[in-house]
Amino acid sequence: MFPTEIPLSDFPILDQSIHGRRLVYLDNAATTQKPMAVLEASRRYYESINSNIHRGTHQLARAATDAYENARQTVAKHLYAESADEVIFTSGTTAGINLVSNILALSGRITAGDEVLISTLEHHSNIVPWQILCQRTGATLKVIPCEEDGSLDQEAFLRLLKGNVKILALTWVSNAFGTVNPVHEMIRAAKSAGALVLIDAAQSSAHLPIDVQSLGADFLAFSGHKIYAPTGIGVLWGRASLLHDLPPWQGGGEMIKEVTFAHTTYNDPPFKYEAGTPNIEGAIALAAAIDYVNNIGIKAIHAHETTLIRAAEKALSLIPGIRFFGPADRSGSLSFLVEGIHHYDLGTLLDQMGVAVRTGHHCCQPLMARFGITGTTRASFALYNTLQDVEALAECTQKAVGMLR
Ligand code: PLP
């Protein structure tokens, strides 16, 4: 399939000019483009079976329910979950993390004197929900420090685990630097210390195979739109026994067994955590995206993207004054700064040349503060990118730097 065999017709949005130049889309860590298979799955849903799910007796309601529940099975299989009941559809990673932080607070499992452990690499989505939990419960937020190369300080991590850590909430892959955390080892250490573990898989889902059973975490969240599915759909995987024991967060239709004005009994997981009409089409399209990825093979995708990132680093390193962030074996993203040039100016000029990259703090302000910077320029890669895209990135960056100096 690689390096050039992904037909452009699979991703019609890429077949266009921006400011008169071929579009080179390298903002995949923010969101990925959608293949025809996904667009068609959404369209087919609305053209043929659109209906509300679970309660209807008519044919369309049954067909939509089957398609939605089949999508849950596809996700469960993809994650190697023990059961589809462990798969909760959410609106995205942020929603999944907020769900977990809220049910932990409501359950009384985290109280005053407890500690919540996150890392310097986290996206704001895996910082702020825990700050809110700490404000509510009187728990303390602790942070694993980051080394100069953009990896986490593992000795400090083990020291921090000797405290009263109730949950470790950790990103697998850094969206800002592409750092791949040694999650298997870190989960093992946290579990031995008696902590729960939530993995933010927003940046790993499109690049690395995920096997929740071998990972050994308790929760894992990701967003559909970062793995070629639409926005507004995501997944929270949770360990069955925990989902069973923890209380619901949002109340409404779907999450109940029986309601009286005096008392309500709750549905079983995953429905207990899916109050209200869900994003039915989104779940179906997510399953189509997962099938698309698995048809190519996630390991092949990772190998292809690694080739591109290494080629990009090599080509860009010819620019005097360039500084890369994150360790050499990064995944998905390549972040850099050029001495004397503001990342925003560089990004703006690259856009004029048809190259879409992201500039700024990447929703990681504490990480930027750790490195004494306000942001970086980030090129992030997907399965449809090519060595031609890498050449365009390097040539246009050279040119833009020449114009800005
Ligand atoms: N976590 C990481 C590592 C991310 O990169 C992102 C988005 O960029 C998020 C969480 C939040 O994802 P979403 O906005 O889709 O909820």
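As the structure lists them, so they are numbered: ligands from 1, and atoms in each ligand from 1.
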Exercise. Should the proximity of Glu122 to ligand 1, defined as any heavy atom under 4.0 Å, be assigned to the side chain, the backbone, both, or neither?
Worked result: neither
For this session: Determine whether more than 12 heavy atoms belonging to other residues, nucleotides or ligands lie under 6.0 Å from atom CD of Glu258.
Result: no
For this session: Mark up the atoms of ligand 1 that fall under 4.0 Å of a heavy atom belonging to Thr94, in ascending order.
Result: 11 (C), 12 (O), 13 (P), 14 (O), 16 (O)
For this session: Could you check whether the rings of Tyr25 and Tyr384 sit parallel, tilted or perpendicular, using 30° and 60° as the cut-offs?
Result: tilted
Exercise. For atom 13 (P) of ligand 1, which candidate among Gly332, Ser223, Ser125, Ala176 provides the closest heavy atom?
Worked result: Ser223
Exercise. When you look at CD of Glu339, are more than 12 heavy atoms from neighbouring residues, nucleotides or ligands closer to it than 6.0 Å?
Worked result: no
Exercise. More than 12 heavy atoms of other residues, nucleotides or ligands under 6.0 Å from NE2 of His244: is that the case?
Worked result: no
For this session: Measure the acute angle between the ring planes of Tyr68 and Phe89, then classify it against the limits of 30° and 60° as parallel, tilted or perpendicular.
Result: tilted
Exercise. Should one rank Arg358, His123, His124 by closest heavy-atom distance to atom 4 (C) of ligand 1, which comes out on top?
Worked result: His123
Problem set entry | Heavy-atom nearest neighbour in the protein, as seen from atom 8 (O) of ligand 1, with distance rounded to 0.1 Å | Lys226 NZ, 2.6 Å
Problem set entry | contact_flag His225 ligand 1 heavy-atom lt 4.0 Å | yes
Exercise. Which one of Asn175, Asn98, Ile233, Asp200 has a non-hydrogen atom at the shortest distance from atom 1 (N) of ligand 1?
Worked result: Asp200
For this session: Verify whether one side chain among His123 and Gln203 offers a donor that lies under 3.5 Å from an acceptor in the other.
Result: no
Problem set entry | Exceeds 12 heavy-atom contacts within 6.0 angstrom, atom CD1 of Ile13 | no
Seminar exercise, completed: One finds that the ligand 1 atoms under 4.0 Å from a non-hydrogen atom of Thr171 are 3 (C)
For this session: Identify, by atom number and element, the atoms of ligand 1 in contact range of Gln203, meaning under 4.0 Å from any of its heavy atoms.
Result: 3 (C), 4 (C), 5 (O), 8 (O)
